[in-house]
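All ligand and atom numbering here is 1-based and tracks the order in the structure. These figures come from a predicted structure and were not determined experimentally.
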Amino acid sequence: MNLWSNLQKTKPTPLQAIFDKKWASKGVRLYIKRDDMLAPTQGDPFCGNKWRKLKYNLLAAKEQGIQRLLSFGGAYSNHIAALASAGHLLNFKTVGIIRGEDVSNHTLDRARADGMELHFIDRTTYRNKNELSFLADLQETFGPCLIIPEGGTNQLALKGCADLVEEIFNQSIKKPTHIAVSCGTGGTLAGIISGLKGQCQALGVSVLKGDFMTKEVNALLDEFTEKSQSNWHIEEGYHHGGYAKKTDELLSFIDVFHEKNNILLEPIYTGKLFYALSQLLEKGFFAKGSIVVAVHTGGLQGLSQ
Ligand SMILES: *Cc1c(COP(=O)(O)O)cnc(C)c1O
């Protein structure tokens, strides 16, 4: 099947039970939603939640005859690498506006190899990335294009992530009580919240330091959704020092998780999510009988950094 039809009809990713004595002893069940398997080929950066977030943007761009996609990110942005790969596979030109100095690393080299035109701007200028006059200048410089915000978070991205909820509900015999996900921009969580029905709670784990994720997600919900939602919560204390920072404890948790379950996690997003869930379980955060679905958002291509 070609990638366009795969995009249009995204097949549900597996919802896999995790068997673990620690969880069983508390009477809580843990499932993992294997969005890490969502990719054109294994190891492609166009994967996981980046597939969900780009899906409707790519379909809309095709429909509107747009030939160029432009977006923003840091030098290690999974979103930038995902957009470059999607552009390469689906025949769009791509432009990445990168915060900071011109550097070479695995993420950016991959984006370049996928034909993305990279443009580095200083941190002060980068702060204008949402201003209309700045965006108009970019259109002028690079030609007509669809501009996708940093991290890929926009209305269509939320729609793509809301699909996750429907999939999870269709796959569950007993409805989950919690759907948990890690938060970078909070777009994936906001999409999940917008798709929630009934009793289920959304639980976000921020991978950034600074206690601002709740505010960010509230702003996204205000901007992109109609109903106000209260059935969600963000844990801000599991960033391990900040974005892309790692502790030995986190790395050994990831190793043990891999040994026990034969599932790879990476330290930037999914490792921090599962570490947090394990700590929350110990603290009694989940009532007996809870059913927790944690979304594996992918990002494994970043492991080869
Ligand atoms: C980008 C990314 C996230 C964060 O998604 P947001 O929608 O920005 O919160 C989580 N996990 C992985 C693997 C990612 O690449």
Side-chain angles (χ1 to χ4, degrees), residues 13 32-39 43-57 71-86 96 106-107 110-111 129 148-165 179-195 202-208 210 212-221 223-224 232 234-236 238-240 242-244 250 254 263-277 294-305:
T13 57
I32 178 166
K33 176 68 172 160
R34 298 295 303 271
D35 266 18
D36 54 318
M37 293 181 172
L38 203 54
D44 196 292
F46 178 38
C47 67
N49 70 333
K50 301 306 185 280
W51 172 294
R52 302 258 181 211
K53 293 177 84 171
L54 284 171
K55 170 179 169 168
Y56 291 109
N57 281 290
S71 194
F72 306 86
Y76 292 92
S77 166
N78 285 344
H79 162 65
I80 286 293
L83 185 70
S85 177
H106 180 78
T107 305
R110 170 83 207 220
K129 65 185 181 297
I148 300 173
E150 184 179 53
T153 297
N154 61 11
Q155 178 110 46
L156 291 175
L158 262 65
K159 178 174 155 66
C161 295
D163 286 352
L164 249 172
V165 179
I179 296 178
V181 72
S182 63
C183 300
T185 63
T188 307
L189 177 68
I192 288 172
I193 294 167
S194 74
L203 170 61
V205 171
S206 177
V207 304
L208 288 96
F212 54 80
M213 197 57 71
T214 302
K215 216 171 112 200
E216 292 286 294
V217 171
N218 263 318
L220 293 173
L221 292 172
E223 186 174 357
F224 296 126
W232 59 280
I234 292 180
E235 289 289 332
E236 308 251 20
Y238 295 99
H239 53 71
H240 296 257
Y243 182 71
L250 174 65
I254 289 172
I263 296 172
L264 277 172
L265 304 173
E266 43 67 56
I268 300 180
Y269 294 105
T270 50
K272 289 181 182 177
L273 169 68
F274 281 88
Y275 179 92
L277 293 177
V295 182
H296 193 317
T297 42
L300 297 173
Q301 81 284 350
L303 280 178
S304 46
Q305 294 278 350

task = Return the orientation label for the Phe274 and His296 ring planes: parallel under 30°, perpendicular over 60°, tilted otherwise.
result = tilted
query = Can you list, by chain and residue number, every protein residue with a non-hydrogen atom closer than 4.0 Å to ligand 1?
reply = Asn49, Lys50, Lys53, Asn78, Ser182, Cys183, Gly184, Thr185, Gly186, Gly187, Thr188, Tyr269, Thr297, Gly298, Gly299
key: Axial cation check for Tyr56 ring with Lys159, 6.0 Å and 45° limits   = yes
task = Not counting sequence neighbours, which residues clear salt bridge (charged side-chain N to carboxylate O under 4.0 Å, His left out) with Arg110? List them please.
result = Asp44, Asp114
message = I'd like to check the side chain to side chain donor-acceptor pair (under 3.5 Å) partners of Asp35; sequence neighbours left out, ordered by chain and number.
response = Thr13, Arg52
key: Heavy-atom side-chain contact between Asp36 and Thr297 under 4.5 Å   = no
Side chain to side chain donor-acceptor pair (under 3.5 Å) partners for Glu236, two or more places apart = Thr214
